[in-house]
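Beneath this line is the structure, given in structure tokens, with notes to follow.
By convention in this document, chain letters (A, B, ...) are assigned in the order of the sequence lines, proteins followed by strands, and residues within each chain are numbered from 1. If you're wondering where the values come from, they're calculated on a predicted model, not measured in any experiment.
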Protein chains: 2
Amino acid sequence: MSHISVGVEYGLHCLLHLSGPPTGVTVASVRDLADLQGVSIDYVAKLFTKLRKAGLTVASEGKNGGFRLAKPASEISVLDVVHAIDGVKPLFECREVRVRCAVFDGNAPRWAAQGVCSIHEVMLEAEQRMHEALARQTLADLSRRVDAKAPRSYGPSVVRWMENRSGSA
Amino acid sequence: MSHISVGVEYGLHCLLHLSGPPTGVTVASVRDLADLQGVSIDYVAKLFTKLRKAGLTVASEGKNGGFRLAKPASEISVLDVVHAIDGVKPLFECREVRVRCAVFDGNAPRWAAQGVCSIHEVMLEAEQRMHEALARQTLADLSRRVDAKAPRSYGPSVVRWMENRSGSA
DNA sequence: GGAAATCTACTCGGATACCGCGTGTCCGAGTTATGGTGG
DNA sequence: CCACCATAACTCGGACACGCGGTATCCGAGTAGATTTCC
């Protein structure tokens, strides 16, 4: 179990497919998105509920409904997706052991509880660096990287796959 | 449950007390270290077993035994402690969903499985930034910060507390 | 032919089951200094 | 006075219990377009 969950991974892959041409479409149903990656439909649906609440996607209900990005892909960072799905769980949870030092015998002096624990400071600094790196990358950046790897035929084949599904259903 | 466990927090606090004057001593038993912070003895013992295996501390067995740092505090980074106790668990565990894309229909082409997943790359970059921040801080740095906060009387009182314990026992 | 009813496909959200892992505890074994005992 | 033995204190390492949260599934409700039915 890692700090950044698989939900984030699924979510990012789905959002990449929603980032428009050349590699993806602009609107798709949860069913198609889930089946496209061999993941549980219900699970992906829960992810998109979170993404919607975070204001990253908008949903259109009813038949032929689906999700699309609420903003241009260049304005959605990886950090946004992480926070939307995993919440803001901290890298490190300080338990304030400094105030429980036996020397204080129960009642810690003011200076011990004041400010942020020194160890906590270091962890917060590291967390900050991590967040900066994640905030720097947007869906558009990721999309470009994928496009650079994949052959030119990949994008259209994905689009065709989705159209065939809705056609056969 | 955060990515960096409470074990690391306990471990760091213990190691700080082992970082020598002015705030700490140079050798101490697990019992004293644990009681000093109101933490389970057995649990701290397990932590120190890991720290020993990682080569950060050395133990002297038998009566009046205990642990001391294997290296100067200035050569032990926070990252070393994190890795020693939590292991090297990754920030993000890529499940390679890219190769499971339904378009490939079971057998993914070479280009899809080649190299590192684009999403994974971003996560690795963030993890790297985090590690850099943790590697930059040593026990000596932390010790200095604590000393700057605590009054001059704190260090000696900790030492006295330990001596009283071994004296009364 | 147009309006109403039905159907279908989709989103929404809660409830729940499963399972791995972090946290914490317990115990037996090995090791070394200390204190006591007997020659 | 010295050698020997028992005891205490400590580390070492495995085993295990507990609970939380991530992962995954199921189901009922609400909504809107498509289709059919009926006047």
Side-chain angles (χ1 to χ4, degrees), chain A residues 1-11 14 18 27-35 37-54 57-68 82 85-93 95 97 162 165-169, chain B residues 1-11 14 18 27-35 37-54 57-68 70 82 85-87 89-93 95 97 162 165-169:
Chain A
M1 202 169 5
S2 10
H3 185 243
I4 297 181
S5 68
V6 282
V8 172
E9 185 172 10
Y10 295 157
C14 289
L18 285 177
V27 57
S29 72
V30 167
R31 170 189 295 275
D32 288 349
L33 252 14
D35 285 354
Q37 309 180 32
V39 181
S40 158
I41 298 171
D42 292 308
Y43 191 52
V44 175
K46 295 188 77 64
L47 297 179
F48 268 91
T49 299
K50 291 181 183 177
L51 291 173
R52 199 191 69 88
K53 284 184 179 175
T57 60
V58 292
S60 54
E61 289 190 350
K63 190 171 162 70
N64 291 344
F67 282 93
R68 61 178 180 80
V82 171
I85 292 181
D86 278 353
V88 283
K89 66 176 174 183
L91 184 70
F92 173 77
E93 195 172 336
R95 297 214 183 171
V97 294
M162 289 209 184
R165 281 182 63 81
S166 54
S168 69
Chain B
M1 205 173 358
S2 12
H3 186 243
I4 298 182
S5 68
V6 281
V8 172
E9 185 172 8
Y10 296 156
C14 289
L18 285 177
V27 56
S29 72
V30 167
R31 168 188 295 277
D32 289 348
L33 253 14
D35 286 353
Q37 310 180 34
V39 181
S40 158
I41 299 171
D42 291 308
Y43 190 52
V44 175
K46 295 187 75 65
L47 298 178
F48 268 91
T49 299
K50 292 181 183 177
L51 291 173
R52 200 192 69 89
K53 284 185 179 174
T57 60
V58 293
S60 54
E61 288 190 350
K63 191 171 163 66
N64 291 343
F67 282 94
R68 63 178 180 81
V82 171
I85 293 181
D86 279 352
K89 66 176 173 184
L91 184 69
F92 173 78
E93 196 173 336
R95 297 214 183 169
V97 294
M162 289 207 184
R165 279 182 64 82
S166 55
S168 70

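Each end of the helix from C/dG1-D/dC39 to C/dG39-D/dC1 yields a helix axis from five base pairs, and these two axes differ in direction by 10° (to the nearest 10 degrees).
Between the CD atom of A/E93 and the P atom of C/dG22 there is a distance of 15 Å, rounded to whole Å. Rounding to whole angstrom units, CD1 of residue B/I41 and P of C/dC26 are separated by 11 Å. Atom-to-atom, CD of B/E9 to P of C/dG22 comes out at 16 Å; the value is rounded to the nearest Å. Here D/dA9 presents its C1' atom at 8 Å from CG of B/N64, a figure rounded to the nearest Å. Here C/dC10 presents its P atom at 18 Å from CZ of A/R68, a figure rounded to the nearest Å. Rounded to a whole Å, the CE atom of A/M162 is 16 Å from the C1' atom of C/dA9. A/D32 places its CG atom 7 Å from the P atom of C/dC10, with the value rounded to the nearest Å. If you take CD of A/E61 and C1' of D/dG28, they are 15 Å apart, rounded to a whole angstrom.
For the atom pair CG of A/L33 and CG of A/L18, the computed distance is 5.0 Å after rounding to the nearest 0.5 Å. If you take CG on A/L47 and OG on A/S5, they are separated by 7.5 Å, rounding to the nearest 0.5 Å. The CD1 atom of A/I85 sits 12.5 Å away from atom NZ of A/K46, with the distance rounded to the nearest 0.5 Å. Note that the CG atom of A/D32 and the CD atom of A/Q37 stand 11.5 Å from one another [nearest 0.5 Å]. If you take CG on B/L51 and OG1 on B/T57, they are separated by 5.0 Å, rounding to the nearest 0.5 Å.
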Residue pair A/E93, B/V6: steps toward the side-chain contact (heavy atoms from CB on, under 4.5 Å) verdict
CA-CA 7 Å; A/E93 195 172 336; B/V6 281; over 6 Å; no

Step by step, would you call A/V82 with B/F92 a side-chain contact (heavy atoms from CB on, under 4.5 Å)?
CA-CA 11 Å; A/V82 171; B/F92 173 78; over 6 Å; no

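Along DNA chain D, the nucleotide nearest to A/G7 and the one nearest to B/S29 differ in position, and the one closer to the 5' end is contacted by B/S29. Taking the nucleotide of DNA chain D with the nearest heavy atom to each of A/Y10 and A/G62, the more 5' of the two is matched to A/Y10.
The two atoms that bring A/S2 and B/P90 nearest to each other are CB-O, 3.4 Å, heavy atoms only. Closest of all the heavy-atom pairs between A/A34 and A/S40 is CB-O, 4.0 Å. Of all non-hydrogen atoms in B/V44 and B/C14, the two that sit nearest each other are CG1-SG, 4.1 Å.
Within residues 42-53 of chain A, the residues having any heavy atom closer than 4.0 Å to DNA chain D are, in order of number, A/D42, A/Y43, A/K46.
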Protein and nucleotides 19-21 of chain C: nitrogen or oxygen contacts under 3.5 angstrom:
none

Output a table of nitrogen or oxygen pairs between the protein and nucleotides 6-8 of chain D separated by less than 3.5 Å.
none

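The side chain of A/R95 sits closest to C/dG24 out of C/dT31, C/dG24, D/dT31.
With sequence neighbours left out, B/A70 forms a side-chain contact (heavy atoms from CB on, under 4.5 Å) with B/V58. Here A/S60 pairs with nothing under the side-chain contact (heavy atoms from CB on, under 4.5 Å) rule; sequence neighbours left out. Residues forming a side-chain contact (heavy atoms from CB on, under 4.5 Å) with B/A59 (at least two apart in sequence, or on another chain): B/R52, B/F67. Partners of B/K89 by side-chain contact (heavy atoms from CB on, under 4.5 Å), not counting sequence neighbours, listed by chain and number: B/H3, B/D86.
Applying the 4.0 Å criterion to OP1 and OP2 of D/dT25, one finds that A/S40 has a side-chain N or O inside that range.
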